[in-house]
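A short write-up of the structure that comes next.
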Amino acid sequence: MMHNSDVAVIGAGPAGANAALAAARHGFSVTLIDEQPRVGGQVWRAKSAAILEAPATPETVAGNRLRQEVDESSVTHLSEARVWQIERCEGGANLYLLRQGRSDVLHARALIIATGAREFVQPVPGWTTPGVLGLAGATALFKQELVLPGKRTVVSGTGPLVFYVASEIRRLGGEVAAVITPNSRGDWLRCLPAMASRPDLLLRGGRWIADLVLSGVPIYWRHAVTRVEGETQVTGVEFRKLTADWSPTGAVRRIEGDSLCLGNGLTPTTEAAQLAGLGLEHSPRLGGWIPLHGVDGTTDIASIFLCGDGTGIRGSTAAEVHGRLAGLSAAEHLGADTKGERDRLRAVYERAARFGTAMTGLSLPRAGLARLTTDETIVCRCESLSRADIVAEISSGAGSTNAVKSGLRAGMGPCGGKFCQTAVSRMIAEAEGGGEADVPPPTPRPPLRPVPVEALAGDFNYSDLPIPKPAPL
């Protein structure tokens, strides 16, 4: 069945929801589409309905405010809906959705893509062991379910998320065995000028670190986990000191624990933008490959707009403002006059983006990070492919992510390459003697998300087929 909307927004996080609200305020019909049951995205994820009462956090307060705004607006929110195909057409775009087991089509005169980011974890031996979670995945447990990753958790990774996760584990009553980060104190000090633009966030981060220090949690600066121990469950981790380029050096040390939260920053999610026909450029300071876009969310395709972390990792505050800019740009495309509003918002956006970009810089990969992945380490979890398997494929002539995907199925499993493609790209770049900018991501194909065949078949019944009788011999 075909439905119509002036504006469709994919993604209901801080960017997408604010984009939807901005466009709706100018009188346009807006449909907000998201896979989660409630508005908020990863950053402002809503608490489970099973949780009757919990202390308010800044994320909860901001998320509840945004959810209330959407509920009280004219925006149509399609929750638990999965966009699996985007087709540009005359007068806009058609979105193919999977919702409640059925596939529907939504036609929109303007499309705003706000698909956010995904986490990158540098593969290390044992990272697929039960009990290992991504740092971002752990935050989803905290925010939605108030669930701890384990009884005694090692927290390891780059940027501010490592300290947020450790702090939340302690706030929820868990034990943090240690914090292990490739960043040095000097890396953080160099970010102070940019962080000064958000003294509230700077103070909050300082409190996280102070709490850990005062409670006796060891913080290992410029160290990294090099191996996860355990067969069916994490029992501990090995870790080592790092050189300036993050290569492991010195003696192996060990910490016992029953869980590990591990992460190495975020990368923009670009598949929907690519499927819509937008080109990419490589921007290390923004997290890697990003779709081509203007500061107001405009693109080379007049009816398609972008906003949020899917255009570069600039943080949730910048994503909010960027969403409003994109929503206003979409409204202007449809005939509204929003120039004055956008002019006022740009300076706000640039200030917010400065802070977020500085935090992203803490996770920029250095050459030695790849040396944490040994030949036996699983890189593609879906197909159980090791680094040695992928290196062999590259050596045989597979010089692109498309070629490795074709030869080994790396990126063709249920995750669609979300766990492995960044690592595979960097391995190709290393083998070819170039940079990551020389290795674009694979060509996206529908479905963007897994879709049951029965949903595509709809009401089709095989018994209705006119099957001819067998021909006589």
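Since this is a predicted model, take the numbers as computed values, not measurements. If you read the sequence from its start, that first residue is 1, and numbering goes on from there.
- If you look at Phe120 and Trp127, their ring centroids are not closer than 6.0 Å.
- A donor-acceptor distance shorter than 3.5 angstrom exists from the side chain of Thr357 to the backbone of Ala353, with no hydrogens or angles considered.
- At distances below 3.5 Å, not a single donor-acceptor pair connects side-chain atoms of Ser167 with backbone N or O atoms of Tyr164.
- Panel note: side chain Ser5, backbone Ser29; a donor-acceptor pair is recorded below 3.5 Å.
- A donor-acceptor pair under 3.5 Å is formed between the side chain of Thr360 and the backbone N or O of Gly356.
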* **Stepwise side-chain contact (heavy atoms from CB on, under 4.5 Å) check, Val424 with Lys405** => CA-CA 10 Å; Val424 170; Lys405 182 177 180 180; over 6 Å; no
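- Sorted by first and then second residue, the ring pair (Phe, Tyr, Trp, His ring centres under 6.0 Å) pairs with a member in residues 69-102 read Trp84-Tyr96; sequence neighbours excluded.
- Of the possible polar contacts, none joining the Ser184 side chain to the Arg222 backbone as a donor-acceptor pair under 3.5 Å is found.
- When atom types are taken as modelled, the side chain of Ser197 and the backbone of Ala352 share no donor-acceptor pair closer than 3.5 angstrom.
- In this structure Glu430 satisfies the salt bridge (charged side-chain N to carboxylate O under 4.0 Å, His left out) test together with Arg387, sequence neighbours excluded.
- Of the possible donor and acceptor atoms, none in the side chain of Arg285 sits under 3.5 Å from a partner among the backbone N and O of Gly312.
- Residues forming a salt bridge (charged side-chain N to carboxylate O under 4.0 Å, His left out) with Arg25 (at least two apart in sequence, or on another chain): Glu69.
- Between the CG atom of Leu161 and the CG atom of Leu135 there is a distance of 5.0 Å, given to the nearest 0.5 Å.
- Residues satisfying the side-chain hydrogen bond (donor to acceptor under 3.5 Å, both in side chains) criterion with Arg67, sequence neighbours excluded, are Asn64.
- For Glu72, the side-chain hydrogen bond (donor to acceptor under 3.5 Å, both in side chains) partners are Gln68, not counting sequence neighbours.
- Looking at residues two or more places apart in sequence or on another chain, you find a ring pair (Phe, Tyr, Trp, His ring centres under 6.0 Å) between Tyr349 and His322.
- For Asp71, the salt bridge (charged side-chain N to carboxylate O under 4.0 Å, His left out) test picks out no residue, with sequence neighbours left out.
- Heavy atoms of other residues, nucleotides or ligands lying less than 6.0 angstrom from CG of Asp300 number 12 at most.
- Applying the salt bridge (charged side-chain N to carboxylate O under 4.0 Å, His left out) test to residues at least two apart or on different chains, the pairs with a partner in residues 156-172 are Glu168-Arg171, Arg170-Asp211.
- Under the side-chain hydrogen bond (donor to acceptor under 3.5 Å, both in side chains) test applied with Gln122, the options Thr377, Thr422, Asn264, Thr373 reduce to a single match, Thr373.
- Among residues at least two apart or in separate chains, there is no salt bridge (charged side-chain N to carboxylate O under 4.0 Å, His left out) pair with a member in residues 317-330.
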Please tabulate, for the side chains in residues 36-45, all donor-acceptor contacts under 3.5 angstrom to protein atoms that are two or more places apart in sequence or on a different chain.
unit_1	atom_1	unit_2	atom_2	d
Gln36	OE1	Arg45	NH1	3.2
Gln42	OE1	Arg45	NE	3.4
Gln42	OE1	Arg45	NH2	2.9
Gln42	NE2	Ala136	O	2.6
Gln42	NE2	Thr139	OG1	2.9
Arg45	NH1	Gln144	OE1	2.8

* Worked verdict on Val132 versus Thr128 for side-chain contact (heavy atoms from CB on, under 4.5 Å) -> CA-CA 7 Å; Val132 179; Thr128 59; over 6 Å; no
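- Formation of a donor-acceptor pair under 3.5 Å by the Thr115 side chain with backbone atoms of Gly310 is not found in this model.
- Between the Trp246 side chain and the Pro182 main chain, a donor and an acceptor come within less than 3.5 Å of each other.
- Proximity of a side-chain donor or acceptor of Asp6 to a complementary backbone N or O of Phe28 within less than 3.5 Å is not detected.
- The side-chain hydrogen bond (donor to acceptor under 3.5 Å, both in side chains) test applied to Glu35 returns Arg449, not counting sequence neighbours.
- Using cut-offs of 30° and 60° on the angle between ring planes, the pair His282 and Trp289 is perpendicular.
- Residues passing the side-chain hydrogen bond (donor to acceptor under 3.5 Å, both in side chains) test with Arg366, sequence neighbours excluded: Asp187.
- In this structure, Asp343 pairs ionically with Lys339, as a charged nitrogen and a carboxylate oxygen lie closer than 4.0 Å.
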